[in-house]
Number of protein chains: 2
Amino acid sequence: MIKVLVVDDEPQIARALRINLSAHGYEVTTAADGAQALRAAAAVVPDLVVLDLGLPDMDGSEVIEGLRGWSKAPILVLSGRAASAEKIAALDAGADDYVTKPFDIGELLARVRAATRRSGPGSDSPVTAIGPVTVDLAAREVRKDGDEVRLTPTEWQLLEVLLRNPGKLVSQRELLHRVWGPNYDRETNYLRQYMAQLRRKLEADPARPVHLLTEPGMGYRFRP
Amino acid sequence: MIKVLVVDDEPQIARALRINLSAHGYEVTTAADGAQALRAAAAVVPDLVVLDLGLPDMDGSEVIEGLRGWSKAPILVLSGRAASAEKIAALDAGADDYVTKPFDIGELLARVRAATRRSGPGSDSPVTAIGPVTVDLAAREVRKDGDEVRLTPTEWQLLEVLLRNPGKLVSQRELLHRVWGPNYDRETNYLRQYMAQLRRKLEADPARPVHLLTEPGMGYRFRP
DNA sequence: GACACCTTTGACGCGTTCTTGACGGCCGAT
DNA sequence: ATCGGCCGTCAAGAACGCGTCAAAGGTGTC
């Protein structure tokens, strides 16, 4: 989840930003003045900062410089002042973008996307741990005791359905539908075949599975 | 010297931008329409693109997408249209900033500084090492045991997609989409053909690839 | 107009994966 | 205790996907 720090002393604007950003999947922290902003930034280490100039306690450039001292996160400045000199000062202090109020919320979100797009796809990918095995669904990579395990396409699809429903029971019908297609309803032998292969590759003791469980007569379940 | 590509069909604006940017130490190339822009970008490999929308031959988004396939260089869009929808479209197509005309030249320069500041010291020379081979994506240069290796445009695009997702599996569909276009879904023979060429040029033993790996039935993966 | 280079297309052999069928064991129901 | 259903396992043939070679378009250059 991308973390955004919103700095604004006007509660309504801060609230509106929080709601809109949260609705689009960002994790939002807010601060009402410069001192709070710097403290919050140190605490949450945001991936992006939306900064309103004209804070009660500090000058905008000071806040930017305070952040830039240790963070490379993009800073998107909001301001009521449209004068070019203000914009130039903020940008040269280290801001990445400058939007004048009143602003269109859609445009702001687009600028947030543009800013996070650059620094975004750097590192993080969600890995699921299954005992001694780690599964990276995005990279399509499985490691068991450090070295990689190869899965066939069908094995991947089956594992993915189970892993995306952690702890939940997935019926045989649903598994067959999502992996083989809607025309497959009763081919439970496929499931037996591939579940056995997955256990052989992922479980410490394939005969006594701990994470890939059978619910007789119903379906299968992945237990983290 | 930082290289800037200015794309504008109005000669006066292009001239004004060239003069101002040159005066501030940038190396400026100009193009008057979309086709010229894409060709010039391929030739000079700019560090930043200033792009006027409303070109005579192509839609703005097309130009942006055409550039984004090649390069990560910041794109600063100029436009006479102030509508939010236009801005959002351009930013989501891959632009980094959007300035409406008439613009203040000082502000534009500040935005140029802000954009180049990010990409400048951060990813200065993204040279990737593949065993005895080094790949410099920005400079479009490949060296194997010191000598230069020539890649065709298609080979470059394919290699770039893979290198930008180190360790991650890239599906056949995504590769086809990003290199040949969204209408290509099942032409896996293209991939086989060009992967073989890349391996012949980059791998020590093309028959036993170590870095450009095949995941049967799914896609390809670059392992650093 | 000839040439060189790149892209597109077709075909073949081979290894891997998928599909299919059959068998035995465990468990609950009769 | 017996039976039937369900699951795990094993072992085939069939089908698919990949690497490779070869050759036909296509485009720009000299």
Item checked: Minimum side-chain heavy-atom gap A/Ile2-A/Tyr26 below 4.5 Å -> yes
Expected list for residues 96-109 of chain B: side-chain donor-acceptor pairs under 3.5 angstrom, two or more places apart:
unit_1, atom_1, unit_2, atom_2, d
B/Asp96, OD1, B/Arg68, NH2, 2.8
B/Asp96, OD1, B/Ile75, N, 3.0
B/Asp96, OD2, A/Arg118, NH1, 2.5
B/Asp97, OD1, A/Arg111, NH1, 2.8
B/Asp97, OD1, B/Arg111, NH1, 3.3
B/Asp97, OD2, B/Arg111, NH1, 2.9
B/Tyr98, OH, B/Ser79, OG, 3.0
B/Tyr98, OH, B/Arg81, O, 2.9
B/Lys101, NZ, B/Glu10, OE2, 3.1
B/Lys101, NZ, B/Asp52, OD2, 2.9
B/Asp104, OD1, B/Gly106, N, 2.8
B/Asp104, OD1, B/Glu107, N, 2.9
B/Glu107, OE1, A/Lys87, NZ, 3.3
B/Glu107, OE2, A/Lys87, NZ, 3.4
B/Glu107, OE2, B/Arg111, NE, 3.1
B/Glu107, OE2, B/Arg111, NH2, 3.4

Next item on the list: Quick one: closest heavy-atom pair of B/Leu176 and B/Tyr184, and the distance?
Entry: CB-O, 3.5 Å
Check: Counting just side-chain N and O atoms, does B/Thr154 come under 4.0 Å of either OP1 or OP2 of C/dC6?
Finding: no
Next item on the list: Decide side chain to side chain contact (heavy atoms under 4.5 Å, CB included) for A/Met195 and A/Thr214; before the verdict, give the C-alpha distance in whole Å, the side-chain angles of both, and the deciding distance to 0.1 Å.
Entry: CA-CA 9 Å; A/Met195 286 304 299; A/Thr214 303; 5.9 Å; no
Item checked: Salt bridge present between A/Arg150 and A/Glu155 (N-O < 4.0 angstrom) -> no
Next item on the list: Starting at atom CG of A/Leu158, determine the distance to atom P of C/dT17, rounded to an integer number of angstrom.
Entry: 16 Å
Check: Around B/Gln12, counting heavy atoms of other residues, nucleotides and ligands shown, do more than 12 lie under 6.0 Å from its CD?
Finding: no
Margin query: Tell me which one of B/Val6, B/Val50, B/Leu5, B/Leu17 satisfies side chain to side chain contact (heavy atoms under 4.5 Å, CB included) with B/Val28.
Written below: B/Val6
Next item on the list: Could you check how far CD of A/Glu215 sits from C1' of C/dG28, rounded to whole Å?
Entry: 16 Å
Next item on the list: Tell me which of B/Thr152 and A/Glu155 sits closer to the 5' end of DNA chain C, going by the nucleotide each one is nearest to.
Entry: B/Thr152
Notebook entry, point to check: In residues 184-202 of chain B, which ones come under 4.0 Å of DNA chain C, going by heavy atoms?
Noted result: B/Tyr190, B/Arg192, B/Gln193, B/Tyr194
Checklist line | Gap between atoms CD and P, on B/Gln157 and C/dC6 respectively (whole Å) | finding: 14 Å
Checklist line | Nearest heavy atoms of A/Leu162 and A/Tyr220, plus distance in Å | finding: CD2-O, 4.0 Å
Next item on the list: Give a yes/no answer on whether the side chain of A/Trp180 brings an N or O atom under 4.0 Å of OP1 or OP2 in C/dT19.
Entry: yes
Note to self: At a heavy-atom distance below 4.0 Å, which nucleotide of DNA chain D is the first touched by chain B, and which is the last?
What the structure shows: D/dG17 to D/dA22
Note to self: Distance check needed: C/dG15 C1' versus B/Arg208 CZ, whole Å only.
What the structure shows: 14 Å
